[in-house]
Protein chains: 2
Amino acid sequence: MMGGVRAAERSPTTGGYSKGRIRREDILGAAVAMYAEAGYHGSSLREIARRVGITHAGLLYYFPSKEALLAAVLERRDAEDGEREHLTGPPGLEALLRLIGLAAYNVRHPGIVELYSRLAAEAVAADHPAHEYFEQHYRMAREYAAESFRALAAEGRLREGVDPEYAALTLVALMDGLQVQWLSDRGRVDLVGSLRRYVAGQLRGPLE
Amino acid sequence: MMGGVRAAERSPTTGGYSKGRIRREDILGAAVAMYAEAGYHGSSLREIARRVGITHAGLLYYFPSKEALLAAVLERRDAEDGEREHLTGPPGLEALLRLIGLAAYNVRHPGIVELYSRLAAEAVAADHPAHEYFEQHYRMAREYAAESFRALAAEGRLREGVDPEYAALTLVALMDGLQVQWLSDRGRVDLVGSLRRYVAGQLRGPLE
DNA sequence: CCTACCGATCGGTAGG
DNA sequence: CCTACCGATCGGTAGG
C-alpha cells in the first residue's frame, strides 16, 4: 500500500505557521483519520468539519470541494519528508530493505495503513478521484523493486529460477495483501518478518 | 479474496422457478454487478432496482432491507456448488492446487474478483455488515492452506527453512494482492502463473 | 409489485 | 469562518 514516511516533527516554536495554516493542518489530519475509518465516499465534509470544531461550509472555505480535500491529503503525504528520499536511492538489496523499512514504519502508524488500504481499494474504480494517484504509486513501486531485483540478478545474488519482474510484482502484492491481513488481525501477522522472509527466499545468500 | 465457484447452469427447462424466484435472481445478479462496480455503500437500492426494471420499493418487497440484500448475495455465493466441495478435500498439495484453480476460475470471471476485492476492502471496517463474513473466509482459507503446507512438511516435501504457517499466510495475502493488481492491469499480471510459481518455490521437488 | 411519502444526509453556494 | 439555504439522493414505510 506504499504509505509514505511522515516528517519529523517540526519545532512547534517555529512560529512560521499562520492561524490559517494551522487550521488547514487540523482539517487534513481529521480527513486522514476519517478516510482511514470510512473511506473517501463514506466520509462527509460535515463530520470532518465537526471534528475540528467548524461547520462544513467553513471547511469549504479552506478546501473548495471534497475532491480538493482528498487531493491535498495525498499531496501532503507525498510532500512529507522521507518517502521521496527513502524510495530514491540506487536500486538493489538496500532499496528492497528500505521498502521493508517503510512497512516497518507503517506498522507503528496503523492509521496510515488504514488510510492507504481503504483508499487504494476504493480507487480501483476508474472514476475514483484518487485512481490515477494509486495507479502511479503502484507502478513506481513495482519498477523500483524490479530494478532492484535486476541489480541483484546482475550480481548473481538471485536464486536460480527467480525472475526479477515476477519477484517485484509478488513483493508489492505481498505488501498489500499482508497489510490488509495485519489490519484485521494484528497479533497474528508479522508484517515485517514476513516481507524479510520473502526477500530472503529470493536470494542465493543471506539477507544482509 | 476467495471468490466461490459458480454453479453449472441449471437446465432452463426445469421450470422449477416461480416468477418470484426469477425476479429474486435478477435482483441478486444486479446487486453483484453493482457491488463490484461501486462497493456496498456506493450502491443504492434505487439503482439496483432500476437495472432490473422495478422501483426501489419493489426491490424492498423481495429483500426487506439493504443489509438483507447483501446477506443474500453472500449466502448465494456460499451456496453455489463448487466452493464448499473445492475447498473441502483433504489438505495437501492438491488442495493448494485447488485453491489456485479457484483463482484461475476467477480470472475468467472478473466480476467476481471485483465483487470480492471491493467488498473485502470495505469490510475491514468492524461495523461493516459483511465484516464477519470476510473474517471467517480469511481464517478458513489460511487454516486450509496451513494444513496443506503442514501435510507437505510431514512428507518432507517442503524446502528447508519454510514454515507452514508463514507460507499459508503469505499465499493468502498474495492471492489478495495479486487480484487487486490484476484488476488494475490485467495484461501485465499473470495471476495463476504467479501463484503456481510461489507454491513451487516453497517445495523441495517439482510442482505435481 | 407501485405511488407517494418521510426524515436524514449529502456537497455546494450565497452573502455576509 | 458562519447562517441559511438549494437540489439531489438515500433507506425505509404506508397503503394499496
Side-chain angles (χ1 to χ4, degrees), chain A residues 17-75 118-119 122-123 125 127-131 133, chain B residues 17-75 118-119 122-123 125 127-131 133:
Chain A
Y17 292 129
S18 65
K19 191 171 149 198
R21 256 189 96 88
I22 290 176
R23 213 1 96 78
R24 270 182 67 94
E25 290 299 313
D26 282 352
I27 295 171
L28 287 175
V32 165
M34 264 252 73
Y35 293 163
E37 289 170 33
Y40 170 72
H41 291 305
S43 300
S44 73
L45 297 180
R46 280 171 171 86
E47 173 62 15
I48 295 170
R50 198 195 56 76
R51 293 187 182 194
V52 290
I54 62 176
T55 65
H56 91 284
L59 189 159
L60 287 167
Y61 167 78
Y62 289 101
F63 301 95
S65 72
K66 194 184 183 187
E67 279 197 27
L69 177 58
L70 173 62
V73 164
L74 298 177
E75 272 164 31
R118 274 298 228 146
L119 284 187
E122 256 185 307
D127 62 346
H128 193 284
H131 183 73
Y133 175 88
Chain B
Y17 291 129
S18 65
K19 193 172 148 198
R21 257 190 95 89
I22 291 175
R23 214 1 95 79
R24 270 182 68 95
E25 289 301 312
D26 283 352
I27 294 171
L28 288 174
V32 165
M34 264 251 75
Y35 294 163
E37 288 169 34
Y40 170 71
H41 290 307
S43 299
S44 73
L45 297 180
R46 279 171 172 84
E47 173 62 16
I48 295 170
R50 197 196 56 77
R51 295 186 182 195
V52 290
I54 62 175
T55 65
H56 91 284
L59 190 159
L60 287 166
Y61 166 77
Y62 290 101
F63 300 95
S65 73
K66 194 183 183 189
E67 278 196 29
L69 177 57
L70 173 62
V73 165
L74 298 177
E75 273 165 31
R118 275 298 232 146
L119 284 187
E122 255 186 307
D127 61 346
H128 193 284
H131 182 74
Y133 176 88

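Bear in mind the structure is a predicted one, so any value in this text is a computation, not a measurement. Within every chain, numbering begins at 1; the chains are lettered A, B, ... in the order of the sequence lines, protein sequences first and strands thereafter.
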Query raised in the report: What residues, two or more places apart in sequence or in another chain, satisfy salt bridge (charged side-chain N to carboxylate O under 4.0 Å, His left out) together with A:Glu67?
Result: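 For A:Glu67 there are no salt bridge (charged side-chain N to carboxylate O under 4.0 Å, His left out) partners, ignoring immediate neighbours.
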Query raised in the report: With sequence neighbours left out, what residues match A:Glu75 under salt bridge (charged side-chain N to carboxylate O under 4.0 Å, His left out)?
Result: none
Query raised in the report: Taking only residues two or more places apart in sequence, or in another chain, which ones meet A:His41 in a side chain to side chain donor-acceptor pair (under 3.5 Å)?
Result: none
Report summary line: Residues at least two apart in sequence or cross-chain that pass side chain to side chain donor-acceptor pair (under 3.5 Å) with B:Arg46, listed by chain then number, are none
Report task. Sorted by first residue and then second, give each ring-ring contact (aromatic ring centres under 6.0 Å, His included) pair with at least one member in residues 42-62 of chain A; sequence neighbours left out. Result ->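 For residues 42-62 of chain A, and leaving out neighbouring residues, there are no ring-ring contact (aromatic ring centres under 6.0 Å, His included) pairs at all.
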Query raised in the report: Can you name the residues that form a side-chain contact (heavy atoms from CB on, under 4.5 Å) with A:Ala123, not counting sequence neighbours?
Result: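 Residues passing side-chain contact (heavy atoms from CB on, under 4.5 Å) with A:Ala123: A:His128, A:Ala130, A:Phe134.
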Requested in this report: If a protein heavy atom is under 4.0 Å from the base, mark B; if only from the sugar-phosphate, S; if neither, -; do that for nucleotides 10-16 of chain C going 5' to 3'.
Outcome: BBBB---
**Report entry** Sequence neighbours excluded, every pair satisfying salt bridge (Lys or Arg N to Asp or Glu O under 4.0 Å) that has a member inside residues 49-58 of chain B
**Finding:** B:Glu37-B:Arg51, B:Glu47-B:Arg50, B:Glu47-B:Arg51
Query raised in the report: Stems in DNA chain C: runs of 3 or more consecutive Watson-Crick or G-U pairs, distances under 3.5 Å?
Result: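 DNA chain C stems, ordered by first number: C:1-16 with D:1-16.
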